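Accompanying notes for the structure given below.
Note that the structure is predicted; figures quoted are calculated from it, not measured.
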Amino acid sequence: EDKSDFGRAVFLGTSMAMARAGAHAADRSLHAYLADLSRSETLRVPLPIFAGVLGERLSLLPFGDATFADACATIDKVRTGVAHHGGAFIAGVEQDLDAAMDVLKKLGLLGHSALGLHGIGAAASDQAELFNRYPIALYYQPFETGRGQDVS
């Protein structure tokens, strides 16, 4: 079935509905249920993924932050770093990744934050090379009609 018109919000909404239904069926709070699924004994509020700060193809995942407030402080630092670097990255994929790495290095955020990469449509071998060269923790490939690709 062609899902190209669904958009990201539909997948997020469906995922949230499934998580809430599972938590309700298990008679657990949503956070406790998600902690159970991850086999974690620690309840943590999930940290945000910041899309668009590094350009339309890249997201920032501040996994090294302990709180939402810390994650927001990190994104403010990155926004400032991107501005000093010349603005959001809209060149080619590798040029955008190199620019993002430059900003993260200058801010001391390598090992603290990872990148998300959205819909580049590259061959699998090219994708693997990018994963080996950059700290990519999330890859989103939108549905493409007739090409058999799904969310990766």
Side-chain angles (χ1 to χ4, degrees), residues 3-20 30-31 33-152:
K3 297 177 181 75
S4 61
D5 291 333
F6 286 176
R8 294 177 190 159
V10 170
F11 295 104
L12 174 62
T14 302
S15 296
M16 286 302 300
M18 294 296 293
R20 287 179 183 268
L30 179 59
H31 285 94
Y33 178 70
L34 293 175
D36 291 346
L37 289 177
S38 68
R39 295 187 174 102
S40 173
E41 295 181 21
T42 305
L43 298 179
R44 288 186 62 187
V45 174
L47 293 175
I49 296 172
F50 296 98
V53 173
L54 298 167
E56 64 182 49
R57 282 187 284 260
L58 300 176
S59 297
L60 181 70
L61 293 80
F63 63 83
D65 290 319
T67 67
F68 188 85
D70 291 344
C72 290
T74 295
I75 198 61
D76 284 342
K77 286 170 48 175
V78 171
R79 276 192 184 125
T80 301
V82 169
H84 288 288
H85 201 279
F89 311 131
I90 55 171
V93 173
E94 290 189 51
Q95 293 92 337
D96 290 354
L97 286 165
D98 288 338
M101 292 294 292
D102 187 45
V103 168
L104 294 178
K105 282 180 192 173
K106 286 180 181 174
L107 296 173
L109 295 174
L110 285 181
H112 174 278
S113 297
L115 300 172
L117 184 60
H118 307 272
I120 61 169
S125 59
D126 294 335
Q127 292 172 14
E129 183 180 329
L130 292 176
F131 275 84
N132 287 331
R133 291 179 46 208
Y134 302 98
I136 298 171
L138 172 72
Y139 178 73
Y140 173 82
Q141 177 66 41
F143 291 103
E144 295 186 45
T145 307
R147 298 182 85 187
Q149 295 196 356
D150 288 340
V151 175
S152 300

> Is the closest side-chain heavy-atom distance between Met101 and Leu110 below 4.5 Å?
Replying inline: yes
> Tell me, do His112 and Leu109 make a side-chain contact under 4.5 Å, heavy atoms counted?
Replying inline: yes
Of all the heavy-atom pairs spanning [X] and [Y], show the shortest one and how long it is.
X      : Y      : result
Lys77  : Leu107 : O-CD1, 3.4 Å
Ala137 : Ala114 : CB-CB, 3.6 Å
Ser113 : Thr74  : OG-CG2, 4.0 Å
Gly81  : Val103 : O-CG2, 3.9 Å
Asp65  : Ala71  : OD2-CA, 3.1 Å
Gly116 : Leu61  : N-CD1, 3.4 Å

So how far is it from [X] [atom1] to [Y] [atom2], rounded to the nearest 0.5 Å?
X      : Y      : atom1 : atom2 : result
Ile49  : Leu115 : CD1   : CG    : 11.5 Å
Leu60  : Arg79  : CG    : CZ    : 10.0 Å
Asp76  : Phe50  : CG    : CZ    : 8.5 Å
Tyr134 : Glu94  : OH    : CD    : 5.0 Å
Asp70  : Ile75  : CG    : CD1   : 13.5 Å

> Checking salt bridge (charged side-chain N to carboxylate O under 4.0 Å, His left out) for the pair Lys105/Asp102: CA distance, chi angles, key distance, verdict?
Replying inline: CA-CA 5 Å; Lys105 282 180 192 173; Asp102 187 45; over 6 Å; no
>> Could you walk me through whether Leu97 and Arg133 satisfy the side-chain contact (heavy atoms from CB on, under 4.5 Å) test, starting with their C-alpha distance in whole Å, then the side-chain angles of each, then the deciding distance to 0.1 Å, before giving a yes or no?
In response: CA-CA 10 Å; Leu97 286 165; Arg133 291 179 46 208; over 6 Å; no
